[in-house]
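See below for the structure under consideration.
Just so you know, ligand 1 is whichever comes first in the structure, and atom 1 is the first atom listed for that ligand. Remember, it's a predicted structure, so these values are computed and weren't measured experimentally. What you see below is based on every heavy atom in this structure, not just the backbone, and it leaves out hydrogens, waters and symmetry mates.
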Amino acid sequence: MFVGNFGKVFNVLEDKFGRRFHYLRLSITDVCNFSCEYCLPDGYQCDSDRNFLTVDEIRTIASTFASLGTSKIRITGGEPSLRKDLPQIIKICTQTPGIEQVAITTNGYRLPQHIHSWAEAGLTSLNVSVDSLDPRMFQSITGQDKLDTILAGIDLALELGIKVKVNGVLMRQYNANDLQQFLDWITDKPITFRLIELMQTGDNVSFFQANHVAGEPIKQTLLQSGWTQVIRDKASGPAQEFTHPQYQGNIGLIMPYSKDFCASCNRLRVSATGKLHLCLFADKGLDIRPYIQSGDDNGLANQLQALLGDKEASHWLDKGMTGATKHLAMLGG
Ligand code: SAM
Ligand code: SF4
């Protein structure tokens, strides 16, 4: 429990390890139009239930999580911008009392066309995936010749005052030597460029073995060249962030294989079909849809607190355990 303004008592989502969950990652579709080598190399296969959460159901999820202390919602997918009602979904989240930050993770394929409506709906921050700043390399990773459009969309988002983070998955055979190019790009851009260690999933085992690169040596390179680590706040994502006086942008490193990565876990996930995932690599999603469908906020809140009891200390990825996660499009990264 915590005591808020005017002495009101709230329950909070806290697990048996004392971790508190202020941050919800909400997937709204698992469909995607890109075919990233590490995620959906053969493109989206329509082999799963597509009965995705409705706008009313998303309203129930947002208000219940907010009543339990969640202050940040990240909308993800699949590719969330494939849903035509995305601006409405953003607005529902931004208008939920207690939700202070609403973010989206997107491949940005039509970012210049979309960004104004997202900004009007109150989006506070945008994560865009850019694995390479070389158009040909970008196309060979994602299957799409869209880099210029995406970069133009990022510039527009910055002009509109939206906080921008860029995600690049580190891959030995593609971009492992591109650090300098990424650094040059953020010299005059107030964005955070986050380098993500490739994660093993059920479907990408041989790709993972050929391409995984550890982030730690990059961290050491940054520290030796004048970058300093920034302190995290309670709703921060999993990145370690670094700043440098000569760069407008920051660098982030997401190192899920590093020791104690899970100790600072502050996020829970709900899939596009209304299942609670206690971890990105949990064995299964837990069905909370009946409470969501009936708009039963109290029942949902009680169920969330009960299910949280089973959250494990670690994702066990270092032991090669990837749970039920075939690829991250199933749930959002
Ligand atoms: N389609 C959107 C996008 O690509 O930004 C949102 C969903 S995507 C699953 C979310 C993030 O997960 C992206 O930044 C993507 O690069 C990252 N991702 C996907 N598969 C990954 C993997 N196996 N290891 C590390 N990051 C991964
Ligand atoms: Fe689609 Fe995102 Fe997966 Fe790429 S990483 S295939 S854009 S869901």
Please identify which atoms of ligand 1 are closer than 4.0 Å to at least one heavy atom of E197.
25 (C)

Going through the checks in order, is the side chain to side chain donor-acceptor pair (under 3.5 Å) test met by T105 and R74?
CA-CA 7 Å; T105 304; R74 171 171 305 287; 3.1 Å; yes

Mind checking whether V169 contacts ligand 1 via backbone (N, CA, C, O), side chain (CB onward), both or neither, at a 4.0 Å heavy-atom cut-off?
side chain

So which heavy atom on K311 is nearest to which on F17, and how close?
O-CE1, 3.4 Å

Ligand 1 N/O within reach of C39 N/O, cut-off under 3.5 Å
no

At under 4.0 Å between heavy atoms, which part of N167 makes contact with ligand 1: side chain, backbone, both or neither?
side chain

Within-shell test, G108 vs ligand 1, heavy atom, strictly < 4.0 Å
no

From the options G78, A329, P256, select the one whose nearest heavy atom is closest to atom 1 (N) of ligand 1.
G78

For ligand 2, which atoms, with element, lie under 4.0 Å from some heavy atom of N107?
7 (S)

Minimal non-hydrogen separation, G299 against Y291, with atom names:
C-CD2, 3.5 Å

Please find the pair of heavy atoms, one from T187 and one from Q246, that lie closest to each other, and give the distance.
CG2-O, 3.9 Å

Donor + acceptor pair across side chains of D297, T64 (<3.5 Å):
yes

Below 2.8 Å, can you find an N, O or S atom of C36 next to atom 4 (Fe) of ligand 2?
yes

May I ask you to list the atoms of ligand 2 that are less than 4.0 angstrom from any heavy atom of A329?
8 (S)

In terms of the angle between their ring planes, are F193 and F182 parallel, tilted or perpendicular, with boundaries placed at 30° and 60°?
parallel

Can you confirm whether more than 12 heavy atoms, excluding those of K91, are under 6.0 Å from its NZ atom?
no

Any donor and acceptor pair, going by atom type alone, linking the side chain of N204 with main-chain N or O of F208 inside 3.5 Å?
no

Could you tell me the separation between the CZ atom of R194 and the CD1 atom of I254, rounded to the nearest 0.5 Å?
4.0 Å

Kindly confirm or rule out an N or O of T201 lying under 3.5 angstrom from an N or O of ligand 1.
no

All heavy atoms of E100 vs all of T124, minimum pair found to be O-CG2, 4.1 Å

Short N or O distance, T76 and ligand 1, threshold 3.5 Å exclusive
no

Looking only at protein heavy atoms, what sits closest to atom 3 (Fe) of ligand 2 is C39 SG, 2.4 Å

Would you please determine whether Q200 falls within less than 4.0 Å of ligand 1 on a heavy-atom basis?
no

For atom 2 (Fe) of ligand 2, which protein heavy atom lies nearest, and how many Å away is it?
C32 SG, 4.4 Å

Can you pull out the closest protein heavy atom to atom 19 (C) of ligand 1? Residue, atom name and distance to 0.1 Å, please.
Y38 CE1, 3.5 Å

Do any nitrogen or oxygen atoms of T105 come within less than 3.5 Å of a nitrogen or oxygen of ligand 1?
no

Does ligand 1 come near enough to T106 that some N or O of the ligand is less than 3.5 Å from an N or O of the residue?
yes

Return the closest protein heavy atom for atom 12 (O) of ligand 1 as residue, atom name and distance.
G333 CA, 3.6 Å

At under 4.0 Å between heavy atoms, what of N204 touches ligand 1? The answer is side chain

Could you tell me whether D287 and R289 have a side-chain N and a carboxylate O separated by less than 4.0 Å?
no

